[in-house]
Amino acid sequence: MLDVTRLRVLAAVNRHGSVTAAARALRYAQPSVSHHLARLEAETGTRLVQRVGRGVRLTDAGRMLAERAEEILGRLEAAEEELAAHAGLHAGRVRLAAFPSALGTFVPRAAAAFTAAHPGVELRFTEAEPPDAARLLRSGEVDIALLFGYSDTPPADDDGLRRTPLLTEPIYLVTPAGLAGDRLADHATRRWISGCERCRTHLLRSCQAAGFTPDIAFTTDDYVAVQALVAAGLGVTTLPGLALAAQRNPAVRTARLPGQERAISAAVHGEPPDPPAVAALLDHLADATAAPLPPP
């Protein structure tokens with residue numbers, strides 16, 4: 001039986017042209033490469049290399065075996081990948097960090113489809129706003145993080161994150177029902193309600209662009225509580241489409257703000273390829289966000 005490691009060494013010598021280059025590519029010591037070649041010749045009973053000056057070259061038999069070795073190694077790698085995919089989608093776990101309005105809308109649809117397709121894989125959720133979600137992703141505590149960014153905010157430093165765009169949602173002005181005014185400036189003198197830190201920064205930027213600094217009286221990232229405060233006449237706010245799709249208080253009025261949007265993406269950390277379960281969940285998240293959001 002031919003030894004796979006020695007076949008890999010022979011293929012590397014054929015591919016790189018010398019024992020030194022093969023050793024460098026394989027990260028082996030040069031004597032180790034020479035030893036594997038000698039042992040392979042002993043196993044096959046055939047001369048596979050011959051010395052030429054200070055180097056070596058493969059004999060006709062050596063080149064033939066090296067070509068076959070490339071085929072064998074390629075098939076082994078394919079088998080390993082297929083086995084990993086099979087095991088990855090029948091066992092194990094995948095962990096997702098998501099912000100509240102995503103958990104209240106498309107995440108359950110994606111999770112249900114994923115679980116139906118891969119019942120052996122455990123799916124776990126963590127609620128987290130983008131900065132915390134990105135931190136959890138980089139530390140390895142989750143496998144996928146749902147992130148968002150506003151159209152007027154400079155792109156975040158990805159720092160090794162790979163993002164898959166999912167959807168772009170509009171931003172709405174939310175006021176008590178019956179209160180007129182579809183522009184931010186129409187409510188410059190009113191009290192305002194803000195959300196998470198990133199949402200608060202966007203609200204401040206938007207109001208400043210409209211010519212005023214908002215009087216922020218309440219801060220909460222609970223979009224249900226935000227709408228209840230607005231409905232009670234305690235302030236006005238802005239909310240993204242997902243928050244209104246998850247929960248729409250009938251006692252509030254919404255007006256889409258032109259040119260204001262929030263981009264949602266699914267981020268993973270590290271170089272591709274992704275583990276099979278992670279790749280599958282990314283596909284289900286994309287499917288769950290393919291349809292446009294209904295108007296609030």
Side-chain angles (χ1 to χ4, degrees), residues 1-96 117-118 120-122 124 134-145 157-164 266-283:
M1 180 70 68
L2 296 177
D3 183 271
V4 173
T5 299
R6 290 164 191 157
L7 288 177
R8 183 171 282 109
V9 168
L10 182 67
V13 172
N14 186 49
R15 190 182 314 120
H16 297 287
S18 71
V19 169
T20 301
R24 188 181 304 115
L26 295 170
R27 298 183 179 179
Y28 287 178
Q30 187 170 328
S32 178
V33 170
S34 299
H35 171 75
H36 281 303
L37 292 175
R39 291 297 302 159
L40 186 58
E41 286 187 328
E43 290 174 356
T44 60
T46 305
R47 188 177 182 185
L48 302 174
V49 297
Q50 60 184 155
R51 292 199 170 276
V52 178
R54 294 185 178 181
V56 299
R57 69 182 179 190
L58 299 188
T59 64
D60 289 344
R63 285 192 295 273
M64 181 274 294
L65 183 57
E67 291 171 1
R68 293 296 186 189
E70 294 280 12
E71 297 176 11
I72 292 167
L73 294 170
R75 290 182 178 274
L76 282 174
E77 289 174 4
E80 288 174 353
E81 291 174 0
E82 291 172 3
L83 183 59
H86 178 83
L89 292 176
H90 286 79
R93 70 179 182 184
V94 59
R95 300 158 299 172
L96 174 71
H118 314 293
V121 181
E122 182 183 7
R124 294 188 178 184
R135 178 186 57 78
L136 292 170
L137 183 60
R138 291 189 180 99
S139 67
E141 296 175 65
V142 298
D143 305 298
I144 302 173
D157 180 6
D158 285 347
D159 191 21
L161 302 188
R162 290 184 291 110
R163 299 172 186 249
T164 299
V268 295
H269 189 228
E271 295 298 320
D274 297 314
V278 171
L281 182 54
L282 287 172
D283 288 341

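Computed over heavy atoms, backbone and side chain alike; hydrogens, waters and symmetry mates excluded.
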With a 3.5 Å distance limit and no angle check, can you tell me whether Arg63 reaches the backbone of Asn14 through a side-chain donor-acceptor pair? no
Measuring from Arg8:CZ to Leu76:CG, what's the distance to the nearest 0.5 Å? 7.5 Å
For the pair Leu48 and Leu37, evaluate side chain to side chain contact (heavy atoms under 4.5 Å, CB included) and give the outcome as yes or no after the intermediate values. CA-CA 8 Å; Leu48 302 174; Leu37 292 175; over 6 Å; no
Where Ala145 and Ala134 come nearest, the two heavy atoms and their spacing: CB-N, 4.5 Å
Roughly how far, to the nearest 0.5 Å, is the NE2 atom of His269 from the CZ atom of Arg162? 9.5 Å
For Asp143 and Val278, work out which heavy atoms get closest and say how close. CB-CG2, 3.8 Å
Distance-only, no hydrogens or angles: does the Gln30 side chain make a donor-acceptor pair with backbone N or O of Thr20 under 3.5 Å? no
Any side-chain to backbone donor/acceptor pair from Arg47 onto Ala61? Under 3.5 Å, distance only. no
Check ring pair (Phe, Tyr, Trp, His ring centres under 6.0 Å) between His118 and all other residues, then give those that pass, not counting sequence neighbours. Phe114
Looking at Val121 and Ala277, what are the two nearest heavy atoms and their distance? CG1-CB, 4.2 Å
Checking Leu161 against Arg138 for the side chain to side chain contact (heavy atoms under 4.5 Å, CB included) test, could you report, in this order, the C-alpha distance in whole Å, the side-chain angles of both residues, the deciding distance, and whether it holds? CA-CA 8 Å; Leu161 302 188; Arg138 291 189 180 99; 3.6 Å; yes
Can you find a pair of side-chain heavy atoms, one from Leu40 and one from Thr46, that are under 4.5 Å apart? no
When every non-hydrogen atom of Val19 is compared with those of Val56, the smallest separation belongs to CG2-CG2, 3.5 Å
Between the CZ atom in Arg39 and the CG atom in Asp3, the distance rounded to the nearest 0.5 Å is 9.5 Å
Quick one: pull up CG in Leu2 and CG in Leu65 and give me the separation to the nearest 0.5 Å. 6.5 Å
Over all atoms of both residues, closest heavy-atom pair of Ile144 and Val268: CG1-CG1, 4.0 Å
Separation of Asp60 CG from Gln50 CD (nearest 0.5 Å): 8.5 Å
May I ask you to test the Leu10-His36 pair for a side-chain heavy-atom distance under 4.5 Å? no
Enter the distance from Glu43:CD to Leu7:CG here, rounded to the nearest 0.5 Å. 8.5 Å
Neighbour count >12 (heavy atoms, 6.0 Å) for atom CZ, Arg15: yes
